[in-house]
Asks: 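Got a structure here, written out as structure tokens. Questions coming.
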Amino acid sequence: MSKSVIKEAKTVDEAIQMALAELEIELEDADVEILEEGSKAVLGFIGGKGAKVKVTANISDTKIVAAFLDEIINRSRSEDDYPKYEFFETVRNDEKVIDVAITGNDVAHLIGKHGDTLQAINYIANTLVNKDKENYVRVNIDVMDYRKKREQTLKSIANRAAERVMKYKRPVALDAMPACDRRIIHMALQTNRNVVTESQGYEPNRYVVVKVKPYVKKI
């Protein structure tokens, strides 16, 4: 649930500014509810009433992600070399999804070895966006289409493993990989009639095993 504060001051504007300062946000990132307009005192001292407002933080999901990316990307580069990112908001399977595409001349450090850094960035972004949220919002961050290329590579690995399993009738164990990569392997072969997949081992060395699908006699 978004954080809210109630403030009282001589005027509505003053109360709003006090609330914004406490929440450490800008007016564009807030929902303002005026509880009491306030009134001037008669003759300067009789019957005066202060204003009261309720201000609720309402920072957009894309702004949260953008602020996070600004923190981790080195701003010492020139404007021409500074990485750019685009946001694409969609709804998939009744779930809000924010795809973030990062491009630039020097962004390899945002990917890391085997995508480890990118995976960490993606995890933190999801955590920040979904803090105090009731409905989960999925954030998918990609750098220079790394995830898309990685997905294609994993699907090829999965299909080759399935072919080996069927040829030699023996299980094939793939290299250890993070959960997001294992999920792609499972999804790639879930419609294959001849093989099944399962994850084995313990993190961070958990891996996928592809094996012949057990024969089930139909009654």
Side-chain angles (χ1 to χ4, degrees), residues 61-62 65 68-69 72 83-104 107-131 133-219:
D61 296 329
T62 55
V65 177
F68 167 59
L69 292 176
I72 63 174
K84 308 294 191 302
Y85 34 86
E86 295 182 88
F87 295 90
F88 307 92
E89 296 187 54
T90 58
V91 176
R92 297 198 287 268
N93 298 323
D94 296 325
E95 181 180 71
K96 180 180 177 182
V97 180
I98 300 176
D99 292 309
V100 187
I102 301 178
T103 56
V107 291
H109 64 288
L110 298 177
I111 298 174
K113 185 177 181 181
H114 303 309
D116 290 347
T117 302
L118 179 56
Q119 182 183 353
I121 290 173
N122 204 81
Y123 174 80
I124 296 173
N126 274 279
T127 301
L128 291 173
V129 167
N130 288 287
K131 183 180 180 181
K133 265 191 173 57
E134 293 182 3
N135 297 318
Y136 190 81
V137 175
R138 187 170 301 280
V139 180
N140 297 321
I141 299 177
D142 201 357
V143 177
M144 298 298 288
D145 286 335
Y146 171 83
R147 283 185 178 276
K148 186 181 296 183
K149 295 172 183 175
R150 177 64 174 165
E151 182 175 348
Q152 294 173 348
T153 298
L154 289 170
K155 286 180 177 178
S156 296
I157 291 174
N159 290 327
R160 288 199 300 270
E163 291 173 358
R164 289 176 56 195
V165 168
M166 291 309 300
K167 182 177 181 179
Y168 299 107
K169 305 301 180 184
R170 291 189 300 180
V172 172
L174 304 180
D175 292 336
M177 58 184 71
C180 56
D181 286 355
R182 296 198 306 272
R183 189 178 303 113
I184 293 174
I185 298 292
H186 293 310
M187 294 293 291
L189 297 179
Q190 69 175 355
T191 59
N192 191 304
R193 299 179 180 179
N194 301 311
V195 301
V196 293
T197 61
E198 65 178 38
S199 292
Q200 296 183 6
Y202 301 93
E203 299 291 0
N205 299 312
R206 199 159 168 78
Y207 57 94
V208 175
V209 175
V210 184
K211 53 188 179 181
V212 177
K213 180 177 291 187
Y215 173 74
V216 177
K217 184 178 181 180
K218 294 183 180 180
I219 300 177

Asks: Is I102 close to Y85 at the side-chain level, that is, under 4.5 Å between some pair of heavy atoms?
Replies: yes
Asks: Any idea which heavy atoms bring A176 and P204 closest together, and the distance?
Replies: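 Minimum heavy-atom contact is CB-O, 4.3 Å.
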Asks: Side-chain contact, heavy-atom cut-off 4.5 Å: V107 with I111?
Replies: no
Asks: Taking side-chain contact (heavy atoms from CB on, under 4.5 Å) as the test, write out the residues that go with D99, two or more places apart.
Replies: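 F88, T90, R92, V97, N140.
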Asks: Could you list the residues that satisfy side-chain contact (heavy atoms from CB on, under 4.5 Å) with A108, not counting sequence neighbours?
Replies: none
Asks: Taking only residues two or more places apart in sequence, or in another chain, which ones meet R206 in a salt bridge (Lys or Arg N to Asp or Glu O under 4.0 Å)?
Replies: none
Asks: Holding to salt bridge (Lys or Arg N to Asp or Glu O under 4.0 Å), I want the full list of residues that pass it with D181, two or more places apart in sequence or in another chain.
Replies: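 Counting only residues at least two positions away or on another chain, D181 forms a salt bridge (Lys or Arg N to Asp or Glu O under 4.0 Å) with R150.
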Asks: Do any N or O atoms from the side chain of Y146 and from the backbone of G115 form a donor-acceptor pair under 3.5 angstrom?
Replies: yes
Asks: Considering residues at least two apart in sequence or located in another chain, which fulfil the side-chain hydrogen bond (donor to acceptor under 3.5 Å, both in side chains) criterion with K149?
Replies: none
Asks: Find the distance between CG (L118) and CZ (R147) and round it off to the nearest 0.5 Å.
Replies: 4.5 Å
Asks: For A158 versus I185, what's the shortest heavy-atom pair and its separation?
Replies: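 Answer, listing the atom of A158 first, then I185: CB-CD1, 3.9 Å.
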Asks: To the nearest 0.5 Å, what is the distance between CD1 on I184 and CG on L189?
Replies: 12.0 Å
Asks: Do I121 and L69 have side chains that get closer than 4.5 Å, going by heavy atoms?
Replies: yes
Asks: According to the salt bridge (charged side-chain N to carboxylate O under 4.0 Å, His left out) rule, which pairs have a member within residues 110-124, sequence neighbours left out?
Replies: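 The answer is none; no pair qualifies.
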Asks: Any heavy-atom pair between the side chains of I141 and L110 that's under 4.5 Å?
Replies: no
Asks: Between K96 and D61, is any pair of side-chain heavy atoms under 4.5 Å apart?
Replies: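 Side-chain contact under 4.5 Å: yes.
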Asks: Could you give all pairs that pass the salt bridge (charged side-chain N to carboxylate O under 4.0 Å, His left out) test and reach residues 182-193, with sequence neighbours left out?
Replies: R182-E203
Asks: Quick check against the 3.5 Å criterion: does D175 have a side-chain atom that pairs as donor or acceptor with the backbone of Y207?
Replies: no
Asks: How would you list all residue pairs meeting salt bridge (charged side-chain N to carboxylate O under 4.0 Å, His left out) that involve residues 152-163, not counting sequence neighbours?
Replies: E151-K155
Asks: Going by the rule side-chain hydrogen bond (donor to acceptor under 3.5 Å, both in side chains), which residues pair with Y123 if we only count those two or more places apart in sequence or in a different chain?
Replies: none
Asks: What pairs with Y136 under side-chain contact (heavy atoms from CB on, under 4.5 Å), at least two apart in sequence or on another chain?
Replies: E95, N126, N130, R138
Asks: Within the structure provided, determine whether L174 and V172 are in side-chain contact (heavy-atom separation under 4.5 Å).
Replies: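 Yes - at least one pair of side-chain heavy atoms lies under 4.5 Å apart.
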Asks: Restricting to side-chain hydrogen bond (donor to acceptor under 3.5 Å, both in side chains), what partner residues turn up for D145, sequence neighbours left out?
Replies: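 Testing D145 for side-chain hydrogen bond (donor to acceptor under 3.5 Å, both in side chains), a comparison that skips the adjacent residues, returns none.
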Asks: Go through M166 and V195 one step at a time and tell me if the side-chain contact (heavy atoms from CB on, under 4.5 Å) criterion holds.
Replies: CA-CA 8 Å; M166 291 309 300; V195 301; 4.2 Å; yes
Asks: Could you tell me whether E86 atom CD has more than 12 heavy atoms of other residues or ligands within 6.0 Å of it?
Replies: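 At most 12 heavy atoms, drawn from other residues, nucleotides or ligands, come within 6.0 Å of this atom.
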Asks: Heavy atoms only: give me the nearest F87-I98 pair and the separation to one decimal.
Replies: CD2-CG2, 4.0 Å
Asks: Please give me the minimum heavy-atom distance between T197 and H186, naming the atom from each residue.
Replies: OG1-ND1, 2.6 Å
Asks: What pairs with Q152 under side-chain hydrogen bond (donor to acceptor under 3.5 Å, both in side chains), at least two apart in sequence or on another chain?
Replies: none
Asks: Of all heavy-atom pairs between K213 and N192, which one has the smallest distance, and what is that distance?
Replies: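 Reported closest heavy-atom pair: NZ-O, 3.2 Å.
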Asks: Looking at P171 and V209, what are the two nearest heavy atoms and their distance?
Replies: CB-CG1, 4.0 Å
